[in-house]
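Below, all heavy atoms of this structure are taken into account, side chains as well, without hydrogens, waters or symmetry copies. Numbered from 1 within each chain, the chains take letters A, B, ... in sequence-line order. None of the values given here were measured: they were computed from a predicted structure.
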Amino acid sequence: MGLQRNVSLSTGLRYKGHSPFWAYILHRIGGAGMALFITIHIFSTFADQQGWKIGGLVNNLYTSVPFQIFILFCVLFHAINGLRITILDFFPQKLMPYYRQIIYVQLALFVLVFGFAAVSVVATALGRM
Amino acid sequence: MEVTFKIFRYNPEKDERGNYVTYKIDAHPNDRVLDVLEHIKGKEDGSLSFRRSCAHGICGSDAMRINGRNMLACKTLIRDVGDHITVEPLLGLKVAKDLIVDMEPFFENYRKMLPYLINDSPLPEDGKERLQSPEQRARFDETTKCILCAACTTACPSFWANDEYYGPAALMTAHRFIFDSRDEGAEARLEILSETNGAVRCHTAYNCTEACPRGIHITQAIGELKLAMVTGNID
Ligand code: FES
């Protein structure tokens with residue numbers, strides 16, 4: 001009957017959800033980013049062991065400052081957001097009515113921790129130059 | 001004021017795919033989106049198809065995406081959505097024609113929740129009502145407000161990804177009976193909710209809560225169900 005049910009990624013992303021929806025999307029980006037990092041890390045170690053040149057190149061990629069900051073973002077956002085979800089899951093009646101406010105607390109915490117971590121990475125990189 | 005209405009159109013007898021048609025309408029800021037749709041159907045293009053019945057936010061027929069968000073057309077004022085309004089069918093259900101979607105998968109999930117009172121115990125001595133206190137009634141009051149409009153289920157990213165997921169509206173129905181002190185089917189329903197496509201597919205994106213035209217705290221109710229599944233406690 002009629003048009004097929006088909007919610008493409010872009011249609012889904014265009015839905016006008018609020019802050020928890022964006023946290024949901026970033027949580028998945030964070031998870032995918034970590035999976036990507038672990039995959040290329042395993043690959044580069046393997047390639048190094050085999051004496052393949054590409055191992056060093058991949059190594060350079062993920063030790064670069066932008067990639068480190070990206071991974072920091074992935075890990076910290078995923079962890080802090082996951083913590084919020086878990087805490088709320090334990091107290092649905094007490095905490096979930098305040099889910100909007102709690103998102104702001106989470107964001108403030110994230111900006112603080114991520115900002116500190118990112119600045120440390122950049123300062124270390126500059127110190128090495 | 002002049003309002004530009006961009007409406008998703010799809011005629012299964014003619015069109016391969018859907019397209020958008022724009023109408024410029026003279027409307028009052030206090031008109032509802034439904035009023036303008038009625039105007040277009042009555043005066044501009046009689047082939048425009050959409051569902052409506054009560055026109056007062058009770059029957060749940062006219063949920064649709066208005067400016068990218070699920071709402072009831074009969075409860076949405078023009079002044080609240082601006083003068084450029086895009087109207088599209090709900091996401092995640094097949095489009096039958098224009099703004100009408102096939103609701104059958106949605107109701108199929110609803111039926112899976114055993115949406116009726118289960119109580120095989122003998123009636124009270126006087127043979128009349130099974131009484132409950134105001135507190136017991138208040139425990140599930142929130143989820144009795146559901147009008148099955150599907151705004152929540154079709155706003156849920158887990159449902160977009162997998163329509164086997166029972167969806168928030170079906171879970172609301174389960175909540176409504178599980179926490180009813182007169183009902184004895186909680187165990188059976190919690191069993192159903194524990195299936196792969198049950199409550200665990202809720203990833204707390206809160207799109208359902210934001211979309212609900214009755215203001216039900218849906219994600220919270222699902223959270224209560226998850227907790228009941230784990231602890232077995234339905235107080
Ligand atoms: S027409 Fe009944 S809810 Fe809108």
Among B:P105, B:P12, B:A155, B:A211, who wins on heavy-atom pairs under 4.5 Å with chain A?
-> B:A155

Answer yes or no: is there a side-chain heavy-atom contact under 4.5 Å between A:F21 and B:P157?
-> yes

Per-residue contact mode, B:E13 against chain A (heavy atom under 4.5 angstrom) = neither

Do B:H203 and A:R28 come close enough that some side-chain heavy atom pair is under 4.5 Å?
-> yes

Which one, B:L91, B:T209, B:D15, B:I222, leads in non-hydrogen pairs under 4.5 Å with chain A?
-> B:L91

Please state whether the side chain, the backbone, both or neither of A:L88 comes within less than 4.5 Å of a heavy atom of chain B.
-> side chain

Going from OG1 on A:T11 to CD on B:E88, what distance comes out if it is rounded to the nearest 0.5 angstrom?
-> 9.0 Å

Could you state the interatomic distance from CZ (A:F90) to NZ (B:K226), rounded to the nearest 0.5 Å?
-> 12.0 Å

For chain B, which of A:H27, A:R14, A:Q93 has the most heavy-atom pairs under 4.5 Å?
-> A:Q93

Heavy atoms only: give me the nearest A:H18-B:N207 pair and the separation to one decimal.
-> N-OD1, 4.4 Å

Could you tell me which non-hydrogen atom of B:A205 sits nearest to which non-hydrogen atom of A:P20, and how far apart they are?
-> O-CB, 3.4 Å

For atom CG of B:L77, is the number of surrounding heavy atoms from other residues, nucleotides or ligands below 6.0 Å larger than 12?
-> yes

On a heavy-atom basis, the closest approach of B:Q220 and A:P97 is OE1-CG, 3.5 Å

Measure across B:T204 and A:D89 and return the closest heavy-atom pair with its distance rounded to 0.1 Å.
-> CG2-OD1, 4.2 Å

Using non-hydrogen atoms only, which part of B:N11 is less than 4.5 Å away from chain A: side chain, backbone, both, or neither?
-> neither

Taking every heavy atom of B:L227 against every heavy atom of A:P92, the minimum-distance pair comes out as CD2-CD, 3.7 Å

Once the angle between the rings of A:Y99 and B:Y206 is folded into 0 to 90°, is it parallel (under 30°), tilted (30 to 60°) or perpendicular (over 60°)?
-> parallel

At what distance, to the nearest 0.5 angstrom, does SG of B:C156 lie from OH of A:Y24?
-> 7.0 Å

Pair A:K16-B:E210, salt bridge (charged side-chain N to carboxylate O under 4.0 Å, His left out): steps then yes or no | CA-CA 10 Å; A:K16 294 224 174 62; B:E210 298 282 355; over 6 Å; no

